[in-house]
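Beneath this line is the structure, given in structure tokens, with notes to follow.
As the structure is a prediction and not an experimental result, all values here were calculated from the model. All residue numbers refer to positions in the sequence shown, counting from 1.
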Amino acid sequence: MSFIHGDGLEDVVITGENGTIDGQGDIWWNMWRQRTLQFTRPSLVELVNSRGMVISNVIFRNSPFWNIHPVYCSDVVIRYVTIVAPPDSPNTDGIDPDSSSNVCIEDSFISTGDDLVAVKSGWDEYGIAYGHPSSYITVRRVTGSTPFAGVAVGSETSGGVENVLAENINLYNSGVGVHIKTNIGRGGVIKNITVSELFMENVRTGIKVAGDTGDHPDNNFNPNALPYVKDLTLKNIWGVNVQRAGWMHGIENATFTGICLSNVTLQGTTGPRPPSWNCNAIRGAAIEVSPRPCAELASVEQSGSCASHS
């Protein structure tokens with residue numbers, strides 16, 4: 001059970017004058033590392049099947065697991081929060097909207113041991129059966145650092161994720177700037193994802209799109225349930241000291257399409273040699289991208305992916 005938990009609620013406000021909720025995660029992290037836990041660690045805040053939530057002006061520290069987790073919720077506003085945990089703390093995601101709609105995350109600082117914001121929607125056959133997507137998610141004016149991803153979609157996306165906008169994001173000392181991640185067995189549709197006005201500094205990989213990420217809840221997943229990924233727009237992105245510009249690998253027989261990179265500059269870490277791109281099973285287009293992107297992002301038939309940005 002999460003520290004703050006609710007199910008079937010309406011008009012929920014969690015706020016304070018920047019008071020702190022401390023999850024004392026050390027105990028939980030050590031039990032997890034020693035493999036002595038029989039159950040999943042609790043989040044700090046988890047609201048389920050609820051509508052009309054505001055979380056603001058609170059500091060969340062040292063969560064045992066994910067920090068803020070709205071599940072099957074709608075009309076959610078999370079703003080002016082600070083979320084912190086050590087960079088080696090396991091699975092301490094900042095904010096994970098899960099099978100939720102009309103979510104706004106803004107004006108916050110997050111520095112944790114896992115993804116800062118990760119949009120999810122169910123896990124393999126269970127998420128497919130329930131079929132509840134995440135949609136109309138806005139993330140803006142968020143600053144932070146993490147050994148994992150600043151802005152992520154997935155990897156649990158079996159109910160589908162669509163209409164996500166992340167803008168005015170500042171990342172430093174992080175693993176990945178943007179990470180769109182899924183896997184075979186997930187199913188689901190990921191579409192209309194836009195990331196804009198993102199600055200990153202000291203990052204291992206600027207942009208990562210991967211069809212082989214995340215494990216499975218059990219062995220009953222359907223390996224033929226392939227995710228459908230299309231219409232990803234990444235524009236006005238600037239990075240310095242980026243070790244690798246991009247890694248974009250879709251799934252054979254389920255190519256990720258409609259990818260647009262526009263006005264993207266990712267400067268390398270040492271010397272004049274720029275960071276490289278590595279692509280497979282993707283198709284899209286690129287406008288004003290440096291270093292020069294892979295051939296899969298220069299296909300003529302996909303030039304319409306960037307039509308509105310030319």
Checklist entry - Does Phe148 share a hydrophobic cluster with Ile169, counting links as ILVMFWY side-chain heavy atoms below 4.5 Å and allowing steps through other members? => result no
Next on the checklist: For the OH atom on Tyr172, are there more than 12 heavy atoms of other groups (residues, nucleotides or ligands in this structure) within a distance under 6.0 Å?
Outcome noted: yes
Next on the checklist: If we count only N and O atoms by modelled type, under 3.5 Å, do the side chains of Asn170 and Glu201 hold a donor and an acceptor together?
Outcome noted: no
Checklist entry - Do Ile95 and Trp66 belong together in a cluster built from hydrophobic side chains that touch within less than 4.5 Å? => result no
Checklist outcome for this item: Here the gap from Phe256 atom CZ to Ile190 atom CD1, rounded to the nearest 0.5 Å, amounts to 6.5 Å
Next on the checklist: Please verify the inter-ring angle class for His216 with Phe221; under 30° counts as parallel, over 60° as perpendicular, anything in between as tilted.
Outcome noted: parallel
Checklist entry - Should Leu234 and Trp247 be counted in the same cluster of Ile, Leu, Val, Met, Phe, Trp and Tyr side chains packed under 4.5 Å apart? => result no
Checklist entry - Closest approach of Gly113 and Pro147, non-hydrogen atoms and distance? => result O-CG, 3.7 Å
Checklist entry - Taking atom types as modelled and ignoring hydrogens, do the side chains of Arg186 and Asn183 form a donor-acceptor contact shorter than 3.5 angstrom? => result no
Checklist entry - Has Ile27 got more than 12 heavy atoms of other residues, nucleotides or ligands less than 6.0 Å from its CD1? => result no
Item to check | Short side-chain to backbone donor-acceptor contact, Trp28 and Ser63, under 3.5 Å | outcome: no
Checklist entry - Between Pro227 and Ala254, what is the shortest heavy-atom contact and its length? => result O-CB, 3.9 Å
Checklist entry - Atom OG1 of Thr40 and atom CH2 of Trp32: how far apart are they, to the nearest 0.5 Å? => result 12.0 Å
Next on the checklist: The test is ring-ring contact (aromatic ring centres under 6.0 Å, His included); show your working for Tyr130 and Tyr72 and say whether it passes.
Outcome noted: CA-CA 11 Å; Tyr130 197 73; Tyr72 315 135; 4.7 Å; yes
Next on the checklist: Are Val153 and Val176 connected into the same hydrophobic cluster when the rule is that any two of I, L, V, M, F, W, Y join if their side-chain heavy atoms are below 4.5 Å apart?
Outcome noted: no
Checklist entry - Between Asn91 and Asp114, which heavy-atom pair has the shortest distance, and what is it? => result CA-OD2, 3.4 Å
Item to check | Short side-chain to backbone donor-acceptor contact, Ser100 and Pro97, under 3.5 Å | outcome: no
Checklist entry - Can you name the nearest heavy-atom pair linking Ile14 to Val58, along with the distance? => result O-CG2, 4.2 Å
Checklist entry - Rounded to the nearest 0.5 Å, how far apart are CG of Leu297 and CD1 of Ile287? => result 11.5 Å
Checklist outcome for this item: Residue pairs meeting side-chain hydrogen bond (donor to acceptor under 3.5 Å, both in side chains), one or both in residues 132-143, sequence neighbours left out, come to Glu106-Arg140, Glu106-Arg141, Asp107-Arg141, Tyr136-Asn163
Checklist entry - Does Arg283 use its side chain to pair, donor to acceptor, with the backbone of Glu296 at less than 3.5 Å? => result no
Item to check | Atom CZ of Phe3: over 12 foreign heavy atoms under 6.0 Å | outcome: no
Checklist entry - Between Asp115 and Lys181, is a salt bridge (Lys or Arg N to Asp or Glu O under 4.0 Å) present by the stated rule, with each step listed? => result CA-CA 12 Å; Asp115 297 339; Lys181 48 185 173 175; 2.6 Å; yes
Item to check | Same cluster (ILVMFWY, side-chain, under 4.5 Å), Phe65 and Ile55 | outcome: no
Item to check | Distance-only side-chain donor-acceptor flag, Ser74 / Ser101, under 3.5 Å | outcome: no
Checklist entry - Going from CD1 on Ile251 to CG on Leu226, what distance comes out if it is rounded to the nearest 0.5 angstrom? => result 5.5 Å
Checklist entry - Do other residues, nucleotides or ligands put more than 12 heavy atoms under 6.0 Å from Asn253 CG? => result no
